[in-house]
Each structure stands twice: as structure tokens, then as C-alpha cells.
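First up is the structure itself, then whatever we jot down about it.
Just so it is clear: chains get the letters A, B, ... in the order the sequence lines come, proteins before strands, and each one is counted from 1.
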2 protein chains.
Amino acid sequence: MALNDYNKEDKVLLALDCIIFGFDHEGLKILLIKRDFEPERGKWSLIGGFLKEEETLDQAAIRVLHRLTGLDNIFMEQLYTFSKIDRDPVERTLSVAYYALIDIASHDEKLIQKFSAKWFSLKELPNLIFDHDQMLEKAIARLRRRARSKPIGFELLPEKFTMPQLQKLYESILDEKLDKRNFISRVNALKILIKLDQKDMQVSKKGAYLYRFDEKKYHQKVLEGFSFKI
Amino acid sequence: MALNDYNKEDKVLLALDCIIFGFDHEGLKILLIKRDFEPERGKWSLIGGFLKEEETLDQAAIRVLHRLTGLDNIFMEQLYTFSKIDRDPVERTLSVAYYALIDIASHDEKLIQKFSAKWFSLKELPNLIFDHDQMLEKAIARLRRRARSKPIGFELLPEKFTMPQLQKLYESILDEKLDKRNFISRVNALKILIKLDQKDMQVSKKGAYLYRFDEKKYHQKVLEGFSFKI
DNA sequence: TCAAAAGTGTTCACCGTACACCCATGG
DNA sequence: CCATGGGTGTACGGTGAACACTTTTGA
């Protein structure tokens, strides 16, 4: 064979699905949309669309997310490419899953609703179409691994947050209770938090000190990684 | 929009590239082939081919690897999907990278040669086509992370091997010298090795005890994972 | 006899873990 | 005054890290 004939090769549809994790006072959630087209119209689905010829996967993920939820400026990471033959009943379609972490409160809830997107607690998920449950499973596994090896939170929490909030975030992700004294001392050992002179009085009578991330040190730690034994 | 028209969506070429890591007495290597078609004919390349409509990515990876190297029964894992617009100069092509670990000595070297594939030490790589260097970089990063969190070696070493060999494997992967006393005690702590009553006399005058993996316990540890601090 | 690789233990510092009580406040 | 959530410290055991000498035997 002298020249590989690209024209003889099969072309396929390539879709993208975005798994958006969010966090609020109730816990860890993911964002779903109600499909408004067949097949499976009316069912809940990850935020998906098709790749266009002139864009990269990263660009497509951003575009799809924006078109279906109004969300913008979200950093997504590629997760895995799913290729089961009949995963889409209409036509052979592969799908590249992306995932991202965001703070629910600091994004426009109304905007999200306008697009008939909705946050679902991980404990109360509706049935998802196609292989979206597998995608979600892989995303959760990745998020857990990540939570144990890099700091997480900057993306999921508001700018100012309390220790109990941060702990709750980790508990939601890892799905286990943590000891607060150990949690705090381990977090402090990372030296990525700045304690503010302000308290959040929303939740308790005593109030809880607010913290924010030292962005520079935080990103340093993300690069380095660590082992967060919990 | 009532029905999403699948026919209006763009289709793309989807390629696969296999990154095969091997290990022998000289160290860690990867398998490359000399491309026999344009573009870039005669250059060294990862083992690649196109996805066919009726197969999954995993199946395609197996097929491509077999056709180009004769290798069979290799467990490959999906790594990442690359989608830069001009990564292939002929036509828009995305590529899904797969990687695997194998023991060089226990696969037929002649067979591999017949296909004009060749093992290259990581230290002496030729220039690779397209974005194959980025693929390799990602694969090495994954391999290193893996080496620190799961046992590695079953795939890369012959059935019987010595401690110095195992240590050398880790040193090649991590690209750093390790202390042999610490290395041995950490490996022993995993309890996945069986010490045999045989010595390998090939390398040293004194000879080194041969070991083999306790397959069951090994795979148990692979599932569990661990933190292998080196 | 010597060169080259294999084999073997101990000490120390740090970190992860378990664990219980007081504080501040609004109702 | 009490219920609720927030905040704090210590002791112990285990593990990672540093470190040097003896053994074997073919050349």
C-alpha cells in the first residue's frame, strides 16, 4: 500500500457530553437537561451535542455547554470516549465525556432554569438516557481520586466559605463522614487557605469564620498534587 | 426543534494510536513502526489506524495493534482523545490514544520485526509524526502516576524475575534512582511476591533469587490501589 | 584476590488517626 | 438556660527515609 486512502475510511458522528458537578448547602449535585428532541425526548440527559468539523473537542464542549445552559467560562476536562456500538439508537455515535466543577450559587440559577436545566442531588438521580449513567460513574470515580490527590474546592465553593462547608464538600464527594479536627489540621497543613476576619452567621448561632483560597498557593498544590489520606 | 436531525451533523474520521510500553534488560521502551504510506511515509510513528463503523474503540485498538505488529492478547487502556484541528494534514482526523504494557522478551521479536516495528528506548526516541509526541508524553505521565498508586510489573516482566529487575523497572518508569533496601521492604510489605528457590545467574556472579507474582493477590492490589511513596 | 552485584536492619522524624470537651449565640 | 453548631489539642502507632557493611563467586 503506497498511499493510505483516507476516503475509504469510515466517518462517524462524534458527540460530547458534559458532566457538570455543582455544590451548594445541600451537597454535591449534577446538572441535567430535559431533552427536547427524539429519541428519548422528555428524558433527563447530560448536556450533550455534536462535534463540528471546524472545532476541537475542548471548543465543542464549551459551545455545547453554553448553548444548553447559558454557562460560560467553565473549565472542563476530558474524561473518556464512549464507543459502544448501539449507545445511540438512531445512528452510530461515539461520545467524548467532559466534566467540570462549579459553584452553584455563583452562577445564574435563573439562566440555567431558562434552558430547562436542573440540578440533581447525586442521591436522587432520575434515569438517564443512553450510557449516561456509565459516564457519570466514571466522572464520580475521577472526582474522588482527584479529591484525594489534589486540592478541590476552588471551583466548587463561593469565594468565601467556612470550614464546615469545605468539610461538607469533601464528605459529599467521598461519601463518608470525616473527623473535623483531623480534617481541619490536614487542610491547614496545606497552607492554601487564608482565614478572614469575618464570620458567616447564616447557619449557626455562633457563626463560622470565613476563609478564602490563596489562589497562587492553591494552584501550586494542584500542580504538585499530594496525598490526602482521609 | 422537534427532532434533532442527525443527518445534518458533521462526521469525522476517527483514528486510534497505540502506545506500547515494553521492558527488557536495557530498560523501558516503546514500540514504533515505520509508516509505509503518505503523509510522512518512512517516518516513525505510533501504531495507528482508523476506526471502522462496526467496532468499538477497544476492538479497533486490538485490531490495529494486531495488524501492524502481530501482537495479540494485549490489554490496552484508553488514554485520551486528541482533536487539534490540523493534527493530520490530509484531513480532519481525531485520534484516540490507547496504551499497554508488555514484556518484550515474552513476545516474538521476529514477528514484530517482520512488521517493521521496532523498540525504542525512551531516551533515544526518533522524531514522531503529528502529535504523537504529545500522546507519548501523556502516556508516560499516566504510567508514572500508575506506578505510584498500583502495582506494575506483571505485564512488563517475564514470569520469573529478580528483585534488581523489578527495581530497575521502577527506576526506568520513574526516571530516578531508588534505595534498594527501602525498595525491597516496601515491595515485600505488599505481599504480592513469591520467592522461588531458584537463582538467576545471568547477570551477577552471586546470582539473584527469582520471584514471581502471586497473581491473585497482585490483582487484588491493583483493584485496591495503594500509595507507593518513593 | 578482587571486582561486581546481591542481600540485609536500624534509627529517627513525621504524619495519620483516634478521641472529648468548651464556646458562643439565638431562641 | 439550653440546644445547636463551631472551635480546639494531644498521645500513639505506623510508615517513609536515610544510611553501610557483608556475602558470593567468576574471572
To the nearest Å, give me how far apart CZ (B/Phe183) and P (C/dT8) are.
15 Å

Quiz question: by atom type and distance under 3.5 Å, do the side chains of A/Asp103 and A/Ser106 form a donor-acceptor pair?
yes

A/Arg186 vs C/dT17: side-chain N/O to OP1/OP2 distance below 4.0 Å
yes

As an exercise, state the distance from NZ of A/Lys168 to OG1 of A/Thr162, rounded to the nearest 0.5 Å.
10.0 Å

Give the nucleotide from the list C/dA6, D/dT8, D/dG5 with an atom nearest to the side chain of A/Lys180.
D/dT8

Nucleotide nearest B/Ser204 (side chain, heavy atoms from C-beta), chosen from C/dA6, D/dG7, C/dC19:
C/dA6

Assert yes or no for the condition that the ring centre distance of A/Phe23 to A/Phe21 is strictly below 6.0 Å.
no

Could you tell me the separation between the CZ atom of B/Arg181 and the P atom of D/dT23, rounded to a whole number of Å?
16 Å

From C/dG7, C/dC23, D/dC19, nucleotide with atom closest to A/Lys206 side chain
C/dC23

Take atom CD of B/Gln165 and atom C1' of C/dA6, then tell me their distance rounded to the nearest Å.
13 Å

Nearest whole Å is fine: how far is D/dT22 P from B/Lys205 NZ?
20 Å

Taking N and O atoms by type only, does the side chain of B/Asp179 place a donor or acceptor under 3.5 Å from a partner on the base of D/dA17?
no

As a test of understanding, state which of B/Asp17, B/Leu79, B/Leu57, B/Ile19 forms a side-chain contact (heavy atoms from CB on, under 4.5 Å) with B/Tyr98.
B/Leu57

Starting from C1' on D/dG6, measure out to CD on A/Gln202 and report it in whole angstrom.
15 Å

Measure across B/Ser95 and B/Leu14 and return the closest heavy-atom pair with its distance rounded to 0.1 Å.
N-CD1, 4.5 Å

Starting the side chain at C-beta, find the nucleotide from C/dA6, D/dT8, C/dG7 nearest to B/Tyr209.
C/dG7

Length of the line joining B/Met163:CE and C/dT8:P, which is rounded to integer Å:
9 Å

Sugar-phosphate, base or nothing in reach of B/Lys195, heavy atoms under 4.0 Å:
sugar-phosphate

Given atom CG of B/Leu178 and atom P of D/dA18, what is their separation to the nearest angstrom?
11 Å

To the nearest Å, how far apart are B/Ile184 CD1 and D/dA20 P?
17 Å

Between A/Asn182 and A/Lys199, which is nearer to the 5' end of DNA chain C once each is assigned its nearest nucleotide?
A/Asn182

